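Please read all numbers here as calculations on a predicted model, not as lab measurements. Quick note: numbers below take in every heavy atom, side chains included, and nothing from hydrogens, waters or symmetry partners.
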Protein chains: 2
Amino acid sequence: MATGTNSLELVVLGLLKEQDMHGYELKKRMTESLGLIMHASWGSLYPALARLEAKGAVKAVEARPAIPNIPMTGSLGGERAVFRLSGEGPRGSRNKKVYGITDIGSALFTAMLNNDSEIDEKGFAIRLAFANHMDSEKRLKMLRDRRDLILERVKSSRRNLEKKRFTLEPYVELVLEHFRLNNSSDLAWIEELIAKEESSMQTPETDLMVSQEVQDNL
Amino acid sequence: MATGTNSLELVVLGLLKEQDMHGYELKKRMTESLGLIMHASWGSLYPALARLEAKGAVKAVEARPAIPNIPMTGSLGGERAVFRLSGEGPRGSRNKKVYGITDIGSALFTAMLNNDSEIDEKGFAIRLAFANHMDSEKRLKMLRDRRDLILERVKSSRRNLEKKRFTLEPYVELVLEHFRLNNSSDLAWIEELIAKEESSMQTPETDLMVSQEVQDNL
DNA sequence: GCATCCATGTAACCAGTTACATGATTTG
DNA sequence: CAAATCATGTAACTGGTTACATGGATGC
């Protein structure tokens, strides 16, 4: 069972990796930055958080540390600040349940992100959105898999159209044509990403994303 | 609840409108002609058929009386069915259960097709695919609604990007950019369809919105 | 005569939705 | 102090999925 393909949990973990947040904030942030890609309703977000908490992937923390200008280094193990921070979020804090990601959560995030069995459009977009947390081999593999999948789909559609023994209704033809165009455009985009990825592999040093990843794993 | 916007049922009815079919055939046909747009699994198709039958929207018929225009290789099956069938139930010669659409089904199809509350991408594509069964006013309304929705989405995304107080991860930016491009392309396509629809309507005295837009374009 | 398609269905599960229920805090 | 917004959650439902169970027909 590829039960690890829960996109929402992946996104929650990905956002909590950046900074501690409570549910409401999480959703706001989600729609603000990823709104075009995906969205979540309260009825899915809170249960997702509860599931993650039950797994030990996230845990409630007392307060949110100030938005770090510099990536934190020593946040592990030590108690988070018990004191109120003067310049914190726009609203005061009570009743809020601020979540932070745990080591288990980080591991789960990586596992979900690297889980190859994801195939659908949205899942791909989400994984790609967090692709700076993957190593470039995995990234490349994901891109190539996606390309192959689309290619296969297009080919099979063309095959079906050729051997078709029936007349398509006019609007079906229209929609199909548009979908084919979209597929081509997606394909071109992915090919471009693959090319970029490949060329950047040949100059492995000074890769921002890699160094970020290294930082994350510390 | 039964009035829901069930895409699968809509498609089933739409296909049965063309010709009588049994479940297996239905699915084959579905993936052959609409494969890029949607797909169904056995576990969803057969229950959908059962639901439609329970509603009286489809019923099992003996053989396929069918559409004479489209040459089919299924005449052999028809012969056999006629041969074996005398007092038997609607369940055909083999174990096949050939379905036909009823008047109720036709009405349901129209109702679903004209149901405005549909908003998501797939639902739109499917409705558009069967848009030759809508009258052109409804078609136009659907197209405009879709255009407005995408427009709104793009605007809101742009708004969020402007006021953003956080740094987007690099790949998020990348994916977002692609989604924005896709939205633009969709938008252009829909505008084109709208224009075509308007020009083919040629009933200037009735539709206020059309005349307004025509004025704008002058 | 055995594999492979054709053909129909059920059961368990899954990720998500809408609608509901509740209450705290801020602001005009 | 009322309205809006912030904030968290539950319940019932929806529209699917995969895996399973079964068996007839075809073809090699």
Check: Tell me: OH of A/Tyr46 to C1' of C/dG16, nearest whole Å?
Finding: 17 Å
Item checked: Euclidean distance, atom CZ of residue A/Arg51 to atom C1' of D/dT10 [Å, nearest integer] -> 14 Å
Note to self: Taking the basic N atoms (NZ, or NE/NH1/NH2) and the acidic carboxylate oxygens, is any pair closer than 4.0 Å for A/Glu177 and A/Arg180?
What the structure shows: yes
Notebook entry, point to check: Between atom CG in A/Leu49 and atom P in D/dT8, what is the gap in whole Å?
Noted result: 9 Å
Item checked: With sequence neighbours excluded, residues passing salt bridge (Lys or Arg N to Asp or Glu O under 4.0 Å) with A/Arg153 -> none
Note to self: As a test of reading the structure: which of C/dA7, C/dG9, D/dG9 is closest to the side chain of B/Lys97, going by heavy atoms?
What the structure shows: C/dG9
Margin query: Closest approach to the side chain of B/Tyr99, judged atom by atom: which nucleotide of C/dG9, C/dT10, C/dA7 is it?
Written below: C/dG9
Item checked: Shortest side-chain distance from A/Asn6, nucleotide among C/dA15, C/dG9, D/dG9 -> C/dA15
Next item on the list: Let me know the distance between NE2 of B/His39 and C1' of D/dG16, rounded to the nearest Å.
Entry: 9 Å
Check: So among B/Val58, B/Leu15, B/Val12, which one has a side chain to side chain contact (heavy atoms under 4.5 Å, CB included) with B/Met21?
Finding: B/Leu15
Notebook entry, point to check: Where the side chain of B/Tyr24 is concerned, which of C/dG16, C/dC5, D/dT18 is the nearest nucleotide?
Noted result: C/dC5
Next item on the list: Quickly work out the B/Met21 CE to C/dT8 C1' distance and round it to whole Å.
Entry: 17 Å
Check: Which part of the nucleic acid does A/Leu8 contact within heavy-atom distance under 4.0 Å: base, sugar-phosphate only, or nothing?
Finding: sugar-phosphate
Margin query: Is it the case that the side chains of A/Ser106 and A/Lys17 hold a donor-acceptor pair, with the cut-off being a distance below 3.5 Å and no angle test?
Written below: yes
Next item on the list: Check whether any side-chain nitrogen or oxygen of B/Ser44 sits under 4.0 Å from OP1 or OP2 of D/dG15, and answer yes or no.
Entry: no
Check: Out of D/dT18, C/dT8, D/dA7, which has the shortest distance to the side chain of A/Lys96?
Finding: D/dA7
Check: Under 4.0 Å between a side-chain N or O of B/Ser41 and OP1 or OP2 of D/dT17?
Finding: yes
Checklist line | Spacing between A/Lys27 atom NZ and D/dT5 atom P, to the nearest angstrom | finding: 14 Å
Notebook entry, point to check: Taking only residues two or more places apart in sequence or in another chain, which ones pass side chain to side chain contact (heavy atoms under 4.5 Å, CB included) with B/Arg158?
Noted result: B/Val154, B/Lys155, B/Glu162
Notebook entry, point to check: Between atom CH2 in B/Trp42 and atom C1' in D/dC20, what is the gap in whole Å?
Noted result: 15 Å
Next item on the list: For B/Gly43, report the nucleic acid contact type (base, sugar-phosphate, nothing); a contact means any heavy atom under 4.0 Å.
Entry: base
Notebook entry, point to check: Between A/Leu45 (CG) and D/dC6 (C1'), how many Å, whole number?
Noted result: 14 Å
